[in-house]
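Counting starts at 1 for both ligands and their atoms, following the listed order.
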Amino acid sequence: MSGAAFVAPGATLGVLGGGQLGRMFVHAAQRLGYRTIVVDPDPASPAGLVAHEHVRADYLDAVALDRLAGCAAVTTEFENVPAAALAALAKRVAVAPGATAVAVCQDRAAEKAAFASSGVACAPHAAIASPADVERVDASLLPGILKTARLGYDGKGQRTVGDRTALAAAFAALGGVPCVLERRLALAAEISVVVARNARGDVVHLPVHDNVHVGGVLAVTRVPARAHVDAATQAEATALAERLARALDYVGVLCVEFFVVEGGALVANEMAPRPHNSGHHSIDSCDVSQFELQVRTLTGAPLVAPRQHSAAVMLNLLGDLWHDGAAPDWARVLTLRGAHLHLYGKDDARPGRKMGHLTITAASAADAEATAAEAAHRLGLAPLAAATRQARRPR
Ligand code: ADP
Ligand code: MG
């Protein structure tokens, strides 16, 4: 079932997974008048804290799945929710996105096969599943990045490898699990496109996100993208993301990450079957956020093209900003015009943990950039220009 009929406000929507993406989905759903149930084993899960009901159980727990089956429609916010749970639920209730599409996004090898069958270029790569694969892999893929095929996120489960000896060591260090080796590309830019597609096949998209990663984790997103990502590249990325959504017969919000390689070529990196960190700005800078798009595609509500009404720069707020448990001085950033602070309700500020984000909106990209630079300074974040350089340095 894919939810072609309109599920009107007042109905209950279920979410598998209780992280910050689920929390922001719940906020959007509640604003539209829906009730929400979140399934997540963590008693302090960010979405569980704000949902009408939090079922503290594992994603395959029979009682939890029964509760979700009683909802009007069910979605997921967690990329690694077992596809089996979605497939089992889909027999009883409308589920979006579907298990098949989620399973593709969960496996880098399947994801790259999906890129190929849709005619979407990606980095040269090979599957590494055994020491023999290490011996025979084509030397042109080195230096490369070895990534576990499954369960990687925020740069976790990845190793940069210079030669075959390093590749063998990295494969062993990653536990000998199935991996993909990609050639390390010289990146001129990283961009992402969030698209939403409903069961009727209507597709809309957010503007192209210009992303800077530091240490494999998203640090800054700028919308509109800076001048080094030209209009033709942006149009091509948007068209490719829409093509992938159609090819997967996708219902829901899908994010496709792309690399712009030095020289200008566009290659797909990976897909996320859910709203994406790079799209968080849309809550404050667009008239329809990526989370409202998720609600609309799930409920069969009309899908209208979002309009960006403000330029935006989004800064991720990681646990590194907390010192001895003490939060940053939020008042110092809240005094800045156009500052929108989002905190996810997490108590334990570990380094690298996503605690929240700050979106700066302004009438122009230059104004948003200037205020974001000041916000970064006040928070003790790396200067924005330095973050760009760091992201380009080979890891
Ligand atoms: P994750 O699932 O952790 O987001 P990604 O595959 O997106 O994993 O990799 C994280 C980051 O590592 C990318 O955003 C990019 O900065 C860098 N990276 C990944 N693959 C490559 C590559 N083939 N060449 C150059 N940089 C890469
Ligand atoms: Mg990524």
Polar proximity ligand 1 side, Leu185 side, N/O cut 3.5 Å exclusive: yes

Counting heavy atoms only, which of Arg184, Glu182, Lys147 comes nearest to atom 19 (C) of ligand 1? Lys147

Tell me the nearest of Glu257, Lys156, Gln158, Glu190 to atom 10 (C) of ligand 1, using heavy-atom distances. Gln158

Is it true that Arg378 and Asp329 have a side-chain N and a carboxylate O under 4.0 angstrom from each other? no

min-distance N/O/S atom, Glu257 vs the Mg ion (ligand 2), resolves to OE1

Would you call Arg350-Asp320 a salt bridge at under 4.0 Å N-O? no

Could you tell me if His281 and His209 have a donor-acceptor pair between their side chains, going purely by distance under 3.5 Å? yes

Is it the side chain, the backbone, both or neither of Arg108 that has a heavy atom closer than 4.0 Å to ligand 1? side chain

With heavy-atom distances below 4.0 Å as the criterion, list the atoms of ligand 1 near Asn269. 5 (P), 6 (O), 7 (O)

Thr75-Gln294 side chain donor-acceptor pair, cut-off 3.5 Å: yes

Between Lys112 and Glu270, does any NZ, NE, NH1 or NH2 come within less than 4.0 Å of an OD or OE carboxylate oxygen? no

Atom name of the N, O or S atom of Glu270 nearest to the Mg ion (ligand 2) is OE2

Under 4.0 Å, counting heavy atoms only: does His125 come that close to any atom of ligand 1? no

When you measure from the side chain of Ser45 to the backbone of Asp40, do you find a donor-acceptor pair of N or O atoms at a distance under 3.5 Å? no

For Gln290 and His276, test the side chains for any donor-to-acceptor distance below 3.5 angstrom and give the result as yes or no. no

Taking heavy atoms and a distance under 4.0 Å, where does Asn211 meet ligand 1: side chain, backbone, both or neither? neither

